[in-house]
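One structure is given below, encoded as structure tokens.
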Amino acid sequence: MKLYLDTANVEEIKKAANWGVICGVTTNPSLASKEDESFETILPAICNNIEGPISAEVIAMDYEGMLKEARELAGMHKNVVIKIPVMPEGLRAVKTLAQEDIRVNVTLVFSVNQALLAARAGASYISPFLGRLDDIGQTGVELVRDIVDMIDLHDLDSEVIAASIRHPEHVQAVALAGAHIATVPFKVLEQMFKHPLTDLGIEKFLSDWEKKEAAHKK
Ligand code: E4P
């Protein structure tokens, strides 16, 4: 399973890029609205810091408007992937864009049927939102597993991006559920490194080393 960063914050992207574990980024209008700079400034900066797919979402909700925005965004950098919500006008746009070799990430997916429709329209990526399903008392990880199984069973080409990830347990659960990609907030990525036994282990190794060094100097 590949890891993407779920943010529009360029500083977070630079830090995560240095750790060498991230190979893509997803953004959405809510994430972009948290940043001071315009999205037209942010998007090229993201593309310059990560060599991999960068999802940028359309705001238009009509077919022609989506195509116009998608072509503009895709024209900004070869790695831009267009994010379009799963809806009839959206999937019509996905089909047209796929014919133009513009990759689309179909977003706001909450059912296997929506994922099937997205795959049939030609989506390169499908994003089920597990955290938001958990919020309404359903089990997001199960949806991710079902969509992955359906894609495999019917030999479809779309990759599944587990989105709306809220904590490290979500990441390990979707990895085991077979998601192709998990897009994780920066805070969750930091938490993934952590284990109290790792911290204790480092502390012990260093203190034992220092004791030995001190004994040699005597
Ligand atoms: C990414 O593609 C999604 O837009 C994002 O993960 C949604 O996360 P949220 O449900 O925490 O807003």
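Residue numbers run from 1 in the order of the sequence given. As the structure lists them, so they are numbered: ligands from 1, and atoms in each ligand from 1.
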- Item | Heavy-atom neighbours of Trp19 CH2 exceed 12 at 6.0 Å | yes
- Query: Of all the atoms in ligand 1, which lie at a distance below 4.0 Å from a heavy atom belonging to Arg132?
  - Reply: 7 (C), 9 (P), 10 (O), 12 (O)
- Message: For ligand 1, which is the ligand I care about here, please tell me if Asp6 has any N or O atom under 3.5 Å from one of the ligand's N or O atoms.
- Response: yes
- Task: Flag Thr107 as yes when one of its N or O atoms lies below 3.5 Å from any N or O atom of ligand 1, and as no otherwise.
- Result: no
- Query: Looking only at atom types and distance, does a side-chain atom of Thr198 sit under 3.5 Å from a main-chain N or O of Lys194, one as donor and one as acceptor?
  - Reply: no
- Query: In terms of side-chain geometry, is the basic nitrogen of Lys14 or Glu11 positioned less than 4.0 Å from the acidic oxygen of its partner?
  - Reply: yes
- Hey, mind stepping through Glu159 and Ile126 against side chain to side chain contact (heavy atoms under 4.5 Å, CB included) and telling me if it holds? CA-CA 6 Å; Glu159 286 190 276; Ile126 298 172; over 6 Å; no
- Message: I'd like to check whether Ser127 has a polar contact with ligand 1, where a contact means an N/O of the residue lying under 3.5 Å from an N/O of the ligand.
- Response: no
- Message: Below 3.5 Å, N or O to N or O, backbone or side chain included: is there any such pair between Asn105 and ligand 1?
- Response: no
- Message: Could you identify the single nearest non-hydrogen protein atom to atom 8 (O) of ligand 1 and state the distance to 0.1 Å?
- Response: Ser164 CA, 3.4 Å
- Run through His170, Arg166, His167 and flag the one making a side chain to side chain donor-acceptor pair (under 3.5 Å) with Asp134. His170
- Message: Among all the protein's non-hydrogen atoms, which is closest to atom 7 (C) of ligand 1, and how far away is it?
- Response: Phe129 CE2, 3.6 Å
- Task: Quickly, which of Asn79, Asn105, Thr26 forms a side chain to side chain donor-acceptor pair (under 3.5 Å) with Ser55? Name it, please.
- Result: Asn105
- Query: Is Thr183 in polar range of ligand 1, meaning some N or O pair under 3.5 Å apart?
  - Reply: no
- Query: Relative to the heavy atoms of Lys83, which atoms of ligand 1 are at a distance of less than 4.0 Å?
  - Reply: 1 (C), 2 (O), 3 (C), 4 (O)
- Note on the structure: Applying side chain to side chain contact (heavy atoms under 4.5 Å, CB included) to His154 and not counting sequence neighbours gives Met150, Leu156
- Message: Looking only at protein heavy atoms, which one is nearest to atom 4 (O) of ligand 1, and what is the separation?
- Response: Asn28 ND2, 2.7 Å
